[in-house]
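One structure is given below, encoded as structure tokens.
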Amino acid sequence: METFVRVTVRTDEEVQQVRSMLARLRAAPPPRGFETQNGTRTVEAVFDGDQRERLDELLRGTGLPYVVQADDE
């Protein structure tokens with residue numbers, strides 16, 4: 001099972017905050033952020049296993065818009 005996460009950020013500081021937070025949950029390098037058409041940036045990552053609850057807990061505290069979805073949904 002995999003868990004997918006997408007976080008929308010506006011500043012370089014938010015990109016670094018999210019990348020650092022997500023990197024702590026995975027062995028791979030932190031996910032890249034990329035710019036979208038409306039000027040916001042998106043950070044996406046895929047995790048092995050069901051980490052939805054942990055990701056929700058971490059990201060809820062940031063106040064940033066995010067989506068966490070397990071592949072069984």
Side-chain angles (χ1 to χ4, degrees):
M1 178 185 328
E2 290 183 333
T3 300
F4 171 79
V5 61
R6 177 187 299 126
V7 185
T8 302
V9 297
R10 293 201 176 272
T11 67
D12 289 341
E13 185 176 293
E14 289 174 342
V15 169
Q16 294 307 317
Q17 174 190 5
V18 171
R19 288 181 71 216
S20 176
M21 183 185 317
L22 295 178
R24 282 181 256 154
L25 292 177
R26 56 192 284 138
R32 290 186 330 117
F34 59 90
E35 194 153 341
T36 62
Q37 291 180 5
N38 66 1
T40 61
R41 297 171 197 164
T42 300
V43 178
E44 295 180 344
V46 176
F47 293 85
D48 292 331
D50 184 14
Q51 296 196 45
R52 181 182 182 142
E53 287 181 27
R54 180 72 178 132
L55 287 162
D56 275 333
E57 179 183 315
L58 283 172
L59 293 169
R60 195 175 309 121
T62 67
L64 298 168
Y66 70 92
V67 173
V68 177
Q69 183 177 350
D71 65 0
D72 62 348
E73 296 178 1

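Given the structure is predicted, the values throughout are model-derived calculations rather than measurements.
- When side chains are defined from C-beta on, Leu58 does not count as touching Leu22, because their heavy atoms never get closer than 4.5 Å.
- Closest approach of Arg10 to Arg41, counting heavy atoms only: O-CZ, 4.1 Å.
- Between Gln16 and Glu13 there is no side-chain heavy-atom pair separated by less than 4.5 Å.
- The closest side-chain heavy-atom distance from Val7 to Val9 is below 4.5 Å.
- One finds the OG1 atom of Thr3 at 6.5 Å from the CD atom of Gln51 (value rounded to the nearest 0.5 Å).
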Quick one: side chains of residues 60-68, donor-acceptor pairs under 3.5 Å with protein atoms, not counting sequence neighbours, listed by atom name and distance.
residue, atom, partner, partner atom, Å
Thr62, OG1, Leu59, O, 2.7
Thr62, OG1, Leu64, N, 3.1
Tyr66, OH, Asp56, OD1, 3.3

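- Rounding to the nearest 0.5 Å gives a distance of 9.0 Å between OG1 of Thr8 and CD of Glu44.
- Remark: Arg54 pairs with Glu57 by the side chain to side chain donor-acceptor pair (under 3.5 Å) rule, at least two apart or across chains.
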